[in-house]
Visitor: 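Sharing a structure, written as structure tokens. Questions coming.
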Amino acid sequence: MDVGIFRLSHVDITAPDLELAAAYYTEVLGLDISERTSDDGGERLFLKCWDERDHHCVAIRQDTRVGIDRFAFKVDHPGDLDAFETRIERAGTLVQRIADGDEVGQGESIRFEIPSGHEMELVYDVHKVGGRLPLVNPAPVDPTLRGIAPPRIDHLLVHAEEVGEAARFFREVLDFRLTEQLLDGGGHQTIAFLERSAKPHDIAFVQGPNGALHHFSFWLDDWDHVRRAADLLAYHGVTIDVGPTRHGLTRGSTIYFFDPMGTRNEVFSGGYRPDPDFPTITWTDDRSGRAVFYYEGVLNERFASVHT
């Protein structure tokens with residue numbers, strides 16, 4: 001049985017100061033730089049988590065604008081690119097082929113615009129650069145890690161003017177499953193959580209302006225690591241948005257914070273395992289505060305309104 005899309009590959013953002021971005025993402029967040037390039041498209045920085053073996057999970061392009069360029073998901077077989085290209089075009093969306101070698105760190109891919117206005121990419125061949133641990137007799141962790149040091153990227157949340165339309169595209173065209181949703185008083189989706197990797201979500205949509213990024217998130221192994229992340233963020237004077245706390249949606253433990261350019265990051269742990277027969281969980285608008293932040297029961301204005 002073909003797997004198709006199986007996980008988030010990378011998130012590409014922009015920042016006006018690459019030196020500041022490099023310092024934050026390596027020393028505070030604890031990512032490793034896999035490559036830095038400069039060409040006609042400008043300077044770019046490519047970073048990965050310590051236990052990832054692919055070339056990068058975050059790419060940062062120097063630009064006066066702070067925001068998102070695109071995000072990419074990985075597919076299981078080379079033929080998946082052809083299959084999804086056909087399906088996406090049948091759904092009425094133009095697909096662009098990106099040739100092998102045109103993008104740093106990866107082979108051929110396809111790009112297209114999703115209903116929320118974001119540019120999405122599907123890729124099979126991402127160059128392997130190795131992790132910090134060997135594949136034979138490895139230690140459980142590298143003792144030289146610095147900063148928060150998440151082992152991998154986990155998910156992203158983006159805005160959509162029509163959450164239901166974006167969720168339908170991901171379900172019907174890209175074969176994602178809806179794990180949880182928040183409905184308003186009229187029964188319309190205002191938040192949709194979707195997965196392809198048997199975890200609470202790989203991508204989520206929340207009502208807001210098309211093309212905007214709310215946050216991208218990194219996995220931590222347990223609650224103690226989330227608490228330690230809070231200690232490190234406070235020590236470095238990083239602006240903390242919310243947390244440490246727990247979600248109702250996903251049941252995960254979390255803390256949200258901003259990089260120096262204003263892009264929201266998250267570190268996340270826990271949650272449930274949505275097996276193939278896992279039913280969709282629904283939250284109602286009158287419980288929206290508990291859905292997002294279960295302990296506090298309310299949304300703060302910044303979390304609800306700030307995006308890049």
Side-chain angles (χ1 to χ4, degrees), residues 11 13 15 24-25 28-29 66-68 116 118 148 150 153-163 166-167 179-186 188-194 200-201 203-220 223-272 281-308:
V11 178
I13 61 171
Y24 164 82
Y25 279 97
V28 179
L29 201 52
V66 176
I68 184 170
S116 59
H118 298 86
I148 296 171
I153 197 168
D154 191 76
H155 65 267
L156 78 161
L157 188 151
V158 295
H159 289 279
E161 292 176 8
E162 296 292 340
V163 172
T179 55
E180 294 198 58
Q181 60 184 345
L182 175 67
L183 303 182
D184 65 16
H188 300 102
Q189 287 178 330
T190 56
I191 299 178
F193 282 63
L194 301 114
H201 59 320
I203 187 169
F205 294 93
V206 62
Q207 198 161 52
N210 278 350
L213 170 69
H214 188 274
H215 71 270
F216 58 96
S217 180
F218 297 90
W219 174 261
L220 294 179
W223 167 252
D224 282 342
H225 292 183
V226 176
R227 185 180 60 185
R228 176 180 174 273
D231 291 342
L232 288 168
L233 293 169
Y235 176 80
H236 287 286
V238 174
T239 300
I240 295 175
D241 189 17
V242 184
T245 186
R246 189 175 190 182
H247 291 303
L249 287 152
T250 76
R251 307 175 195 161
S253 300
T254 177
I255 183 170
Y256 291 93
F257 47 98
F258 292 95
D259 77 10
M261 288 65 63
T263 297
R264 185 186 282 106
N265 297 157
E266 179 196 25
V267 288
F268 176 92
S269 186
Y272 49 75
I281 296 171
T282 297
W283 292 80
T284 54
D285 196 47
D286 61 317
R287 300 288 284 177
S288 60
R290 292 283 182 208
V292 181
F293 296 122
Y294 194 77
Y295 295 155
E296 296 85 349
V298 294
L299 293 175
N300 71 34
E301 179 60 27
R302 182 170 57 187
F303 187 83
S305 62
V306 173
H307 53 77
T308 53

Visitor: I'd like to know whether OH of Tyr294 has more than 12 heavy-atom contacts from other residues, nucleotides or ligands below 6.0 angstrom.
Guide: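 Atom OH in Tyr294 is not packed in, count stays at 12 or less.
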Visitor: Can you tell me how far the CG atom of Leu29 sits from the NE2 atom of His236, to the nearest 0.5 Å?
Guide: 10.5 Å
Visitor: Do Phe268 and His201 have ring centroids that are under 6.0 Å from one another?
Guide: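 Ring-ring flag for His201/Phe268: true, centres closer than 6.0 Å.
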Visitor: What's the separation between atom OG1 in Thr263 and atom CZ in Phe216, rounded to the nearest 0.5 Å?
Guide: 6.5 Å
Visitor: Quick one: are Arg228 and Trp223 in side-chain contact, heavy atoms under 4.5 Å?
Guide: no
Visitor: Looking only at non-hydrogen atoms, find the nearest pair between His159 and Ser116 and report the distance.
Guide: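 Result for this residue pair: O-CB, 3.6 Å.
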Visitor: Less than 4.5 Å apart, any side-chain heavy atom of Phe257 and any of Ile255?
Guide: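 Yes, at least one pair of side-chain atoms sits under 4.5 Å.
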Visitor: Is it the case that atom CZ in Arg302 sees more than 12 heavy atoms from other parts of the structure closer than 6.0 Å?
Guide: yes
Visitor: Kindly give the heavy-atom pair with the smallest separation between Ala229 and Val267, and that separation in Å.
Guide: CB-CG2, 3.9 Å
Visitor: When the aromatic ring centroids of Phe258 and Tyr256 are compared, is their separation below 6.0 Å?
Guide: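 For Phe258 and Tyr256, the ring centres are not under 6.0 Å apart.
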Visitor: Is there side-chain contact between Leu183 and Trp283, with at least one heavy-atom pair below 4.5 Å?
Guide: no
Visitor: Report yes or no: does His247 contribute a side-chain atom to a donor-acceptor pair with the main-chain N or O of Val292 at less than 3.5 Å?
Guide: yes
Visitor: For the residue pair Trp219 and Asp154, what are the closest heavy atoms and their distance?
Guide: CE3-OD1, 3.7 Å
Visitor: Which heavy atom of Leu213 sits nearest a heavy atom of Leu156, and at what distance?
Guide: CD1-CD1, 4.5 Å
Visitor: Do Thr245 and Glu296 have a side chain donor and acceptor closer than 3.5 Å?
Guide: yes
Visitor: His155 and Glu266: side-chain donor and acceptor closer than 3.5 Å?
Guide: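 The answer is yes; a qualifying pair exists.
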Visitor: Testing the basics here: between Gln189 and Val163, what is the closest heavy-atom pair and its distance to 0.1 Å?
Guide: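 What the structure gives for the nearest pair is O-CB, 3.5 Å.
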Visitor: Looking at Ser305 and Glu301, would you say the former's side chain and the latter's main chain have a donor-acceptor pair under 3.5 Å?
Guide: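 A pair under 3.5 Å: yes.
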Visitor: Any donor and acceptor pair, going by atom type alone, linking the side chain of Arg227 with main-chain N or O of Pro244 inside 3.5 Å?
Guide: no
Visitor: Any heavy-atom pair between the side chains of Leu233 and Val28 that's under 4.5 Å?
Guide: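 Contact flag for Val28/Leu233 side chains = yes.
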Visitor: Taking C-beta and beyond as the side chain, do Val242 and Asn300 meet within less than 4.5 Å on heavy atoms?
Guide: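 Yes; the side chains approach each other to less than 4.5 Å.
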Visitor: Can you tell me how far apart CG (Asp259) and CD1 (Ile13) are? Round to the nearest 0.5 Å.
Guide: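 Nearest 0.5 Å value for the CG-CD1 distance: 5.5 Å.
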Visitor: Distance from Thr254 atom OG1 to His215 atom NE2, nearest 0.5 Å?
Guide: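 Thr254 atom OG1 to His215 atom NE2 measures 7.0 Å (nearest 0.5 Å).
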Visitor: Rounded to the nearest 0.5 Å, how far apart are CG of Leu220 and CD1 of Ile148?
Guide: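 Between atom CG of Leu220 and atom CD1 of Ile148 there are 7.0 Å.
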Visitor: Please determine if Arg264 forms a cation-pi arrangement with Phe303, meaning its NZ or CZ atom is less than 6.0 Å from the six-membered ring centre and no more than 45° off the ring axis.
Guide: yes
Visitor: Applying side chain to side chain donor-acceptor pair (under 3.5 Å) to Thr190 and Gln207, what does each step give before you reach the verdict?
Guide: CA-CA 5 Å; Thr190 56; Gln207 198 161 52; 5.5 Å; no
Visitor: Can you confirm whether Pro200 sits close enough to Glu180 that some side-chain heavy atom of one is under 4.5 Å from a side-chain heavy atom of the other?
Guide: no
